[in-house]
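Single-structure report; data block below.
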Amino acid sequence: MSRLGTLEELPLRYREELLQENLAPLWPSMRTVLPHNHPARKTRPTFWSYKAIRPLLLEAGRLTPIEKAERRVLVLANPGLGSENLTATPSIYIGMQLILPGETAPNHYHTPSAVRFVIEGEGAYTLVDGEKCPMGRGDLILTPSGKWHQHGHDGKDPVIWMDALDLPLIYHLEASYAVEGRAQADSDLPDSSQTLFRRAGLLPYRSLGRQKKPYPLMRFPWQEVRSALADLARATAADEAVRLAYVNPETGEECLPVMGFSALMLRPGEERRLTRRSASAVVHVVEGGGEATVDAVDARWEEHDTFAIPTHAEIRLRNLSNTQPAYLFIVDDAPMQRKLGFYEEFPAR
Ligand code: 1HN
């Protein structure tokens, strides 16, 4: 392969003329923007311990009233991407949000899509476009781009959840903004996970003929996911992963345009190498404890810990319990990569 010319090889006068005309030569930067065979990555495999986050988040509850925060969040900022850039992977933002009893987080919508994954506490809820979604432990709640959402808390203890947004992507596209609104009317109706979409393979009859709504289901209760994983495990060969995808029940497609969601059960004692993929991801531990190796980084994980996976990373996971399954919730950017036509998987050879 030939060596490409550098900037320094060009006459100073020529470089200055280019600059004057807002021009740049490609060849000195060619390998930077288009390396051979493997992408350049700044994202570091990073592990965040919930034991470290929790007291700091509760302290934020004492230091900063909700009125001064709008959303009281500590962001999981990947050091490889610049901590000031508030991003866990190139496309995925992750934050831990605290709401205290009696507090409300005001109504707004924005261009990035968001989801909540509930970590601890009872009695909080999110109103999404008029639908009241109770926030139970492990529940996944969607707030797609452009949907009004506000949070409230009628319970007694602090409630903490994880937010995942495609904010870094939308911000980079210079398309990120929010609109504030008046509070939504409170609703007494159960959300549609409790009424319209109760079982796989069963839809409200009217779903058949009608123009499909892009987001028919906003809440995915953890108890359903957990028991579905247990049932799937009984029908899954030992060398295969027990993993479920969260999808739109009317179309079978991924729930949101950029971020994809899945739940992985590691059987007692299971050690698993995940298929290497072009997508970046964030893994959150719902239950259990174990070890992980992400590229060259080894770490231990416990309940509610979270870790960032760069694109194209090698991933090895191990459940350290020989009696209990471990449950992991995974956010990735595979839906976006599929749409853009470059999603890849690299099965072990
Ligand atoms: C947002 O709207 C929420 O609604 C949480 O709870 C985190 C981070 C960046 C931008 C908007 C929320 C957010 C956010």
Side-chain angles (χ1 to χ4, degrees), residues 48 53 56-57 60-61 64-78 81-121 123-137 139-155 158-184 186 191 215 218-220 255-259 261 282 284 306 308 329 331 333:
W48 290 271
I53 296 172
L56 292 168
L57 190 52
T64 305
I66 193 80
E67 296 75 22
K68 286 202 160 187
E70 202 168 299
R71 301 295 194 259
R72 192 190 290 110
V73 179
L74 293 179
V75 181
L76 277 52
N78 193 300
L81 295 169
S83 296
E84 69 287 0
N85 291 321
L86 308 182
T87 178
T89 82
S91 59
I92 302 170
Y93 158 106
I94 298 287
M96 296 295 175
Q97 181 160 175
L98 168 69
I99 189 162
L100 296 170
E103 288 184 340
T104 55
N107 192 29
H108 70 184
Y109 71 79
H110 36 70
T111 48
S113 290
V115 300
R116 331 281 155 205
F117 190 87
V118 183
I119 295 179
E120 67 166 277
Y125 60 88
T126 291
L127 271 164
V128 187
D129 245 10
E131 188 168 340
K132 189 169 190 173
C133 298
M135 300 179 99
R137 203 192 132 161
D139 292 354
L140 175 71
I141 296 165
L142 311 184
T143 50
S145 177
K147 299 287 184 200
W148 290 106
H149 55 281
Q150 68 188 60
H151 316 304
H153 186 1
D154 299 331
V159 169
I160 297 175
W161 65 78
M162 180 175 84
D163 294 308
L165 285 85
D166 53 16
L167 176 69
L169 174 73
I170 310 303
Y171 180 75
H172 192 74
L173 298 176
E174 299 187 350
S176 178
Y177 71 96
V179 175
E180 294 190 307
R182 277 209 294 264
Q184 297 173 57
D186 212 332
D191 73 277
Y215 307 108
M218 293 303 187
R219 174 169 171 262
F220 296 74
C255 304
L256 291 178
V258 172
M259 296 183 292
F261 312 100
V282 172
H284 177 75
T306 306
F329 171 72
V331 182
D333 60 6

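No experiment lies behind these values; they were computed from the predicted model shown. Read the numbers this way: they start at 1 and go in the same order the structure lists the ligands and their atoms. Side chains are part of it too, since the values below use all heavy atoms of this structure and drop only hydrogens, waters and symmetry mates.
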Between I160 and the options I99, V118, L57, the side-chain contact (heavy atoms from CB on, under 4.5 Å) test singles out L57
One line per pair, note the atom names and distance for all nitrogen or oxygen contacts under 3.5 Å between ligand 1 and the protein.
from	atom 1	to	atom 2	distance (Å)
ligand 1	2 (O)	H108	NE2	2.7
ligand 1	2 (O)	H110	NE2	2.7
ligand 1	4 (O)	R71	NE	2.8
ligand 1	4 (O)	R71	NH2	3.2
ligand 1	4 (O)	H108	NE2	3.4
ligand 1	4 (O)	R116	NH2	3.3
ligand 1	4 (O)	H149	NE2	2.9
ligand 1	4 (O)	H151	NE2	3.4
ligand 1	6 (O)	R71	NE	2.9
ligand 1	6 (O)	Q97	NE2	3.0
ligand 1	6 (O)	R116	NH1	3.2
ligand 1	6 (O)	H151	NE2	2.6

> Does any non-hydrogen side-chain atom of Y93 lie less than 4.5 Å from one of V73?
Replying inline: yes
Report the relative orientation of the aromatic rings in H108 and H110; use parallel for angles under 30°, tilted for 30 to 60°, perpendicular for over 60°.
perpendicular
*asked:* Within the 4.5 Å heavy-atom criterion, are R71 and P106 side-chain neighbours or not?
replied: yes
For Q184, the side chain to side chain donor-acceptor pair (under 3.5 Å) test, sequence neighbours excluded, returns N107
For this session: Can you label the angle between the F329 ring and the F261 ring as parallel, tilted or perpendicular, going by 30° and 60°?
Result: parallel
